[in-house]
Amino acid sequence: MQMLYFGWVRQRIGVPAETVAPPDEVTDVDGLIDWLSGRSDAYAEALRNRDTLRVAVNQELCEFDAPVSVGDEVALFPPMTGG
Amino acid sequence: MQMLYFGWVRQRIGVPAETVAPPDEVTDVDGLIDWLSGRSDAYAEALRNRDTLRVAVNQELCEFDAPVSVGDEVALFPPMTGG
Amino acid sequence: MIRVQEDDFDVGAELERLSAEAKGSGALSCFVGLVRDFSGGEAVSAMTLEHYPGMTERQLGKIEAEARERWPLDAVLIVHRYGRLEPGERIVLVATASAHRKAAIDASSFLIDWLKTKAPFWKLEETPEGDRWVDADPEDTAAEERWIAREGKCGHG
Amino acid sequence: MIRVQEDDFDVGAELERLSAEAKGSGALSCFVGLVRDFSGGEAVSAMTLEHYPGMTERQLGKIEAEARERWPLDAVLIVHRYGRLEPGERIVLVATASAHRKAAIDASSFLIDWLKTKAPFWKLEETPEGDRWVDADPEDTAAEERWIAREGKCGHG
């Protein structure tokens, strides 16, 4: 699974992108975030507050209950500030 | 008194500007239009319908009851179509 | 700033000047009106704009002042052409600069609406059926009235 | 048309192309967003825009499509920059062409509002107090919600 991070999420996690292989129990974004948060304090800190997190799966915005699977591109980032 | 005409008012009257000397009884725009309308069929035709006429006295838009006097610049024209 | 001229204008250069004048503004909004090649179902080959020199400048100045009173603008520009113009040619430019994007956009929308009914221009169109004067559009008067109703209520928008 | 680029753009040339593409349109509306030298009470010496390549183009394409569905537009342009920009530099251009001035103006207002909350960009400001991320503005979300509420009701406006 290809992870991408932007904005302060990227900054706190420390890398802009990485390939991860979550266990089979991880089937949605919520589960993915929980699993990532267990990896280190940096992840836990970056992903703690879901109110300020946004998610895209395969470049489409989605909710935390969206399914994820091997081969997906999942991006986590703060609310967008375009324009 | 300096008269100016624009748009189809100018076209119907046939001149863009003229100096006129109305009699003393003419004290407002209404009276002025009545007096001008008596000069010829072209004036009468051009000034017949006050709903489609607009007036400026000394380059300020005003109503038909606005006073006019010697030395004023009075313009008669159709509704404006700027922009 | 207002300008009434027969010559064309360069939109990019005008906006460049506007943003130089309004250093620190985050938002520029602009509107350009062009001669259409069709109007009321008929082909238009040219349009001649007649105006009232002197009064035009006064009216544009008042329209600018009204916009500055209603919104926090760092710069305002109105350029209006007169004379004979062909389809595709620029007629008018309004542009505003503000720290706030909504103020800039609302103000330029206001400016073009008010020009329609308050700037002493008259338009003669050349069509295959002959020349004809463009009538005032009741929708323009309705737009003007909406702005009058909003007066004092718009604040920094 | 949409473009995402690091380089600056020439507003005059972009509008020229837009009006050439939209022959016969009577109205061009445009908005330019610039880097401000002040934000939240602090001097800003530069801003770096980070974006999500791929998704950005998709989102801008959807925003353009939504505008075209809501208004009768002859042409639409969105140009958005990324990278490090200094105060006064252009960040974004939206421009629309239509036969109707209200459609052109409302659509460009819509485009810039929707970019604020739907385009995957993040802004890092450099200030004397250090770098800081620009937070999403609740007013931008409110503006987005107003457009959602208007959906289907705006017609030719």
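Chain naming here is simple, since letters A, B, ... match the order of the sequence lines and numbering starts at 1 in each.
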Which of C:Leu28, C:Asp10, C:Thr96 touches chain D most, by non-hydrogen pairs under 4.5 Å: C:Leu28
Point-to-point distance, once rounded to the nearest 0.5 Å, from NZ of D:Lys102 to CD of C:Glu139: 10.0 Å
Spacing of C:Ser29 atom OG and D:Ile112 atom CD1 [to the nearest 0.5 Å]: 10.0 Å
Between C:Cys30, C:Gly88, C:Gly12, C:Ala104, the one whose heavy-atom pairs under 4.5 Å with chain D are most numerous: C:Cys30
Pairwise side-chain contact, D:Asp113 with C:Arg101, heavy-atom cut-off 4.5 Å (strictly under): yes
From CG (C:Leu15) to CG (D:Leu93), nearest 0.5 Å: 9.5 Å
When C:Ala95, C:Ala143, C:Ala27, C:Ser108 are compared by non-hydrogen pairs under 4.5 Å with chain D, the top option: C:Ala27
Residues in residues 31-64 of chain D near chain C [non-hydrogen atoms, under 4.5 Å]: D:Phe31, D:Val32, D:Gly33, D:Leu34, D:Arg36, D:Asp37
Top contributor to chain D interface from C:Ser25, C:Pro87, C:Ser19, C:Ala22 [non-hydrogen pairs under 4.5 Å]: C:Ser25
Interface moiety of D:Ala99 toward chain C, non-hydrogen atoms closer than 4.5 Å: both
Residue part contacting chain D, namely of C:Glu16, when any heavy atom lies under 4.5 Å: side chain
